[in-house]
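Let me begin by presenting the structure, written as structure tokens, before commenting on it.
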Amino acid sequence: MREDLVDWISLCTDQLQAAYSKDDEARMLVRALVTQYELCVLQLLRKNRTGRILDQIKTRLADLHYKRKNQQRPTSFKLTSMAPNEPTDILFWPFQPMHVENIKSLYPVALKKGMRLKVFTQNPALQDGIADSEGFIQLDNLSPKRLNYKDFSIGRQLVQASKKLPRFKGVSFHEVMQLSLSSAFSWIYYTRDYFHRLMQQYQPKTIFVGNDVTYVGSTVCHLSKKAGTPTFTMMHGSIKSELWKYSNADCFFLFGEKDKATMLRRGLDASGLCISGSPKLEQKIATYKNVAGVEKIILVALSGPGHSITIEHHEQTIQLLEQMVFEYPHHQFVFKLHKKDRLFYYRNIRSFSNAEIIPYGDEHYPSDVFYWLSKAAVLITGASSTAIEAMVLGVPVITVDLLGHLSTIDYIKKDISLHTTDFMTLKKNLNAVFSQNGVLEQHLSKSKAFAQSAYAHPAEGSAALIVQRIQEYL
């Protein structure tokens, strides 16, 4: 189903951009929302008519709530720098936690080369993690007034234009556009304001965004092209979706050759693709390589429903894993939830004494998946990029695909993982891991070779290669 959904989103996105070919603001909005569309379609598909009406009521109540709060909120913001307002070589602009990990690897390398750096985020959750960085730009007001797209003619026009586009499984694109604008309109427009003020105050020569197909990164890259400022981004997970054809950074740093081949198939220019390996991975290998598997837990890390599998498929997978927890009472299972996943899917598993559920963002547990991989005897997953990270550390990988949704995933298609399609094969694969027979030995040999092809390991180090490439643009 996902391929059909992505094709539909691409068709509607392309038609809207063509219809607004001379309206730069509209094209920026349409493109910036491209990954938001997918999440909103999945949300709409889950709801019947009654559910949608209830959502509309909740939205109106939320609007009233925001109107009351907005009376006390400022409509502008002030930038306060902890460093002199000098011209900047690289402005780092993270928006999600995984973006910060890459920045922390690149920052000391760039500083040693005498580069002038600044780092800025409008995400309140990231402020504490980067506040000690040299060149950190403080944003005084992190909760500006919420903007309603209905108050802007461009927002109303895009919703109206979306009514003419084809439907997908009963979902109209104008519903998708409404949901997308409701959730992201303020972020996009404030990002535009931040961009212009940062450009005026710090004159960055280059900008390094966290992810250039999400609404913040896409908006920054769009505005940077108009300003003539080169932009860079770094992959941090799967780039298999066709929606990556909307990537618009000037230089995209990739883990390995297979990722470059994927982006070339998406139609991106080879001159803007650079195989760099992963700075984060290099750091994690150095930290955890020698302690892998010492505690022998069974780590379960699914990607959650939405991108690769349906909700129904996800629920069936968890039911299967519940059986495994029951079948193996003397083994400790740890379920590390993805940000797309939800705790209520695991409500039955929580009652087992040999199972621990780690919700996404729970500060009571380490968030670093490498920490958990270092304690794992085996990883059970679906299409998560954690599978390849486990292979790098030499942790056996069992993949679960009950409905055939993951058949195109490379490490499944090439028979690298210990693949599972039902309860009996899952039990067989788990027993193979713990008995350490020839099946496990063959699997580890194949997964090691696959991991080496997936991640480049530059002689100078991944972070040094990336910084050197950025210097070439200065």
Side-chain angles (χ1 to χ4, degrees), residues 9 12-17 19-20 23-44 52 55-77 93-96 120-126 139 141-165 171-198 209-224 226 243 246 248:
I9 290 172
C12 294
T13 299
D14 292 344
Q15 288 187 11
L16 276 176
Q17 290 212 102
Y20 288 91
D23 189 328
D24 186 72
E25 183 182 35
R27 288 175 61 81
M28 179 188 76
L29 273 170
V30 170
R31 186 169 189 153
L33 291 168
V34 70
T35 51
Q36 198 70 12
Y37 298 146
E38 185 176 2
L39 298 175
C40 292
V41 172
L42 294 165
Q43 180 181 338
L44 289 166
R52 294 188 193 186
D55 270 359
Q56 290 172 3
I57 294 172
K58 288 178 183 178
T59 299
R60 289 174 184 172
L61 290 173
D63 283 342
L64 290 173
H65 172 72
Y66 273 115
K67 283 180 180 178
R68 287 196 298 269
K69 290 195 73 174
N70 280 348
Q71 293 176 0
Q72 286 81 41
R73 287 182 174 180
T75 56
S76 61
F77 62 93
W93 197 319
F95 187 64
Q96 296 173 338
F120 168 80
T121 182
Q122 72 254 50
N123 184 349
L126 300 189
L139 183 60
N141 171 41
L142 290 172
S143 299
K145 182 177 180 180
R146 179 177 180 267
L147 303 176
N148 191 330
Y149 77 87
K150 297 174 186 176
D151 295 333
F152 293 76
S153 61
I154 188 60
R156 298 192 299 271
Q157 288 174 27
L158 286 176
V159 171
Q160 189 64 30
S162 299
K163 292 181 178 180
K164 302 175 184 178
L165 298 173
V171 175
S172 64
F173 201 77
H174 97 272
E175 290 180 284
V176 177
M177 181 61 76
Q178 283 178 314
L179 269 179
S180 301
L181 287 171
S182 294
S183 59
F185 190 81
S186 292
W187 285 108
I188 293 171
Y189 268 74
Y190 281 119
T191 296
R192 186 176 64 174
D193 288 345
Y194 301 150
F195 176 85
H196 291 309
R197 297 204 183 193
L198 288 165
V209 299
N211 185 332
D212 72 325
V213 292
T214 54
Y215 42 81
V216 169
S218 179
T219 302
V220 173
C221 287
H222 180 94
L223 296 169
S224 294
K226 292 180 63 178
L243 297 180
Y246 297 105
N248 61 347

Can you name the residues that form a side-chain hydrogen bond (donor to acceptor under 3.5 Å, both in side chains) with [X], not counting sequence neighbours?
X   : answer
Q96 : H99
Q17 : none
D24 : H222, K226

Identify the heavy atoms of [X] and [Y] that sit nearest to each other, and give their distance.
X    : Y    : result
L158 : A26  : CD2-CB, 4.4 Å
S180 : S183 : O-OG, 3.1 Å
V213 : V34  : O-CG1, 3.7 Å
L16  : S162 : CD1-OG, 3.9 Å
T35  : T214 : OG1-CA, 3.7 Å
Y20  : Q157 : OH-O, 3.4 Å

Taking side-chain contact (heavy atoms from CB on, under 4.5 Å) as the definition, give me every residue that meets it alongside [X], ordered by chain and number, with sequence neighbours left out.
X    : value
A19  : none
Q15  : L11, L165, P166
K164 : none
T191 : W93, Q122, V216, T219, V220

Residues forming a ring-ring contact (aromatic ring centres under 6.0 Å, His included) with F185, sequence neighbours excluded: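 F152, Y189.
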
How long is the span from the [atom1] atom in [X] to the [atom2] atom in [Y], to the nearest 0.5 Å?
X    : Y    : atom1 : atom2 : value
T13  : Y37  : OG1   : OH    : 5.0 Å
R31  : C221 : CZ    : SG    : 9.0 Å
S186 : N148 : OG    : CG    : 8.0 Å
S182 : R146 : OG    : CZ    : 6.5 Å

Pairing residues for D14 by the salt bridge (charged side-chain N to carboxylate O under 4.0 Å, His left out) criterion, not counting sequence neighbours: K245

Counterpart residues, salt bridge (charged side-chain N to carboxylate O under 4.0 Å, His left out), relative to R192 (two or more places apart): E25

Stepwise side chain to side chain contact (heavy atoms under 4.5 Å, CB included) check, V176 with I9: CA-CA 10 Å; V176 177; I9 290 172; over 6 Å; no

Side chain to side chain, V159 and K150, heavy atoms closer than 4.5 Å: no

Any I188 side-chain heavy atom under 4.5 Å of L33 side chain: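 The answer is yes, as the side chains (C-beta and beyond) meet within the 4.5 Å cut-off.
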
